[in-house]
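So the structure is just underneath, and the comments pick up after that.
In listed order, ligands and their atoms are each counted from 1. Here the structure is a predicted model, which is why all the values come from computation and not from measurement.
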Amino acid sequence: MTVRPIRYLGDPVLRKPAKKVSRVDDSIRRLIADMTESMYAAHGVGIAAPQIGVGLRVVVIGMPDEEPFALINPEVIKRSGERRLDEGCLSVPGYRGAVTRSVAVTVKALDENGREVRVKAEGDLLAQCLEHETDHVNGLVYVDRLDAKTDLVKVTAPRTAADADDEDEEA
Ligand code: NI
């Protein structure tokens with residue numbers, strides 16, 4: 001497993017819709033292992049392959065105190081409700097922004113063994129993360145969803161695993 005550098009806003013790989021994975025094989029599982037390592041090294045709760053420079057539709061989600069899991073070719077197949085949330089992204093370090101997200105989200109994807117899975121979440125960080133990471137593989141970053149530039153705020157405090165809490169997760 002290798003920690004790979006995070007790509008930042010301005011890198012074209014973040015703006016390009018990623019390619020569908022046609023076969024879930026060992027190379028994809030190695031990618032997932034690297035993404036997981038890279039996510040934890042950056043103290044994130046989620047990561048998408050374009051964030052380490054790989055244009056494939058693969059995401060990893062690692063909720064606090066839970067086992068991380070991968071979603072391949074994730075698609076939001078159901079969403080309902082709206083809520084305003086504070087959001088951050090590993091690819092936009094030092095900033096947070098207020099975005100509108102769904103309350104309930106269902107994602108269809110393949111797991112790391114190529115089996116079809118559905119993940120449902122409602123009103124929590126996972127629901128937010130499912131939309132955030134699916135956006136990434138579609139070439140969207142949360143700053144694209146801001147109503148106004150003033151909704152983006154600079155965060156001055158240094159962030160470490162120790163000072164991260166549920167209010168300032170990045171993905
Ligand atoms: Ni992100």
Side-chain angles (χ1 to χ4, degrees), residues 2-21 28 31-64 66 68-76 79 82-103 105 107 109 119 121 123-149 151-161 163-171:
T2 312
V3 173
R4 303 208 213 164
I6 302 289
R7 303 298 182 94
Y8 299 123
L9 204 62
D11 190 318
V13 73
L14 294 173
R15 296 302 198 175
K16 208 175 156 194
K19 288 202 184 96
K20 199 170 172 180
V21 173
I28 295 298
L31 170 65
I32 289 166
D34 285 358
M35 287 171 61
T36 305
E37 285 291 290
S38 306
M39 174 183 75
Y40 285 133
H43 309 301
V45 294
I47 194 167
Q51 291 183 279
I52 57 164
V54 177
L56 288 173
R57 303 180 81 81
V58 179
V59 312
V60 169
I61 292 176
M63 293 291 103
E66 286 180 28
F69 61 93
L71 296 173
I72 297 153
N73 302 333
E75 248 181 282
V76 175
R79 50 164 51 106
E82 276 192 359
R83 54 184 181 147
R84 289 287 281 174
L85 292 170
D86 177 57
E87 198 153 311
C89 179
L90 296 175
S91 296
V92 193
Y95 289 88
R96 308 281 304 168
V99 292
T100 301
R101 291 288 186 194
S102 306
V103 175
V105 180
V107 166
V119 180
D124 56 9
L125 180 63
L126 177 58
Q128 180 179 12
C129 201
L130 288 170
E131 286 192 316
H132 181 109
E133 301 310 335
T134 306
D135 273 356
H136 270 304
V137 296
N138 289 326
L140 282 172
V141 181
Y142 82 92
V143 295
D144 303 327
R145 295 193 176 278
L146 298 172
D147 292 333
K149 285 226 172 77
D151 287 342
L152 193 66
V153 292
K154 202 161 174 45
V155 182
T156 47
R159 295 194 66 255
T160 65
D163 70 23
D165 61 34
D166 288 350
E167 300 306 309
D168 61 3
E169 303 294 357
E170 295 182 339

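A salt bridge between Arg101 and Asp135 is present, with a side-chain N of the basic residue lying under 4.0 Å from a carboxylate O of the acidic one. Salt-bridge check for Arg145 with Glu87: failed, with every basic side-chain N at 4.0 Å or more from each acidic carboxylate O. Using a 4.0 Å cut-off between a side-chain N of Lys or Arg and a carboxylate O of Asp or Glu, Asp151 and Arg96 do not qualify as a salt bridge.
At a cut-off of 2.8 Å, measuring from the Ni ion (ligand 1), the protein N, O or S atoms that fall short of it are Cys89 SG, His132 NE2, His136 NE2, Ala171 O, waters left aside.
When the side chain to side chain donor-acceptor pair (under 3.5 Å) test is applied to Glu131, the partners found at least two apart in sequence or on another chain are Arg79, Ser102.
Tested against Thr100 for a side chain to side chain donor-acceptor pair (under 3.5 Å), the candidates Arg83, Glu82, Arg84 yield a single pass: Arg84.
Ser91 and Gln51 share a side-chain donor-acceptor pair at under 3.5 Å.
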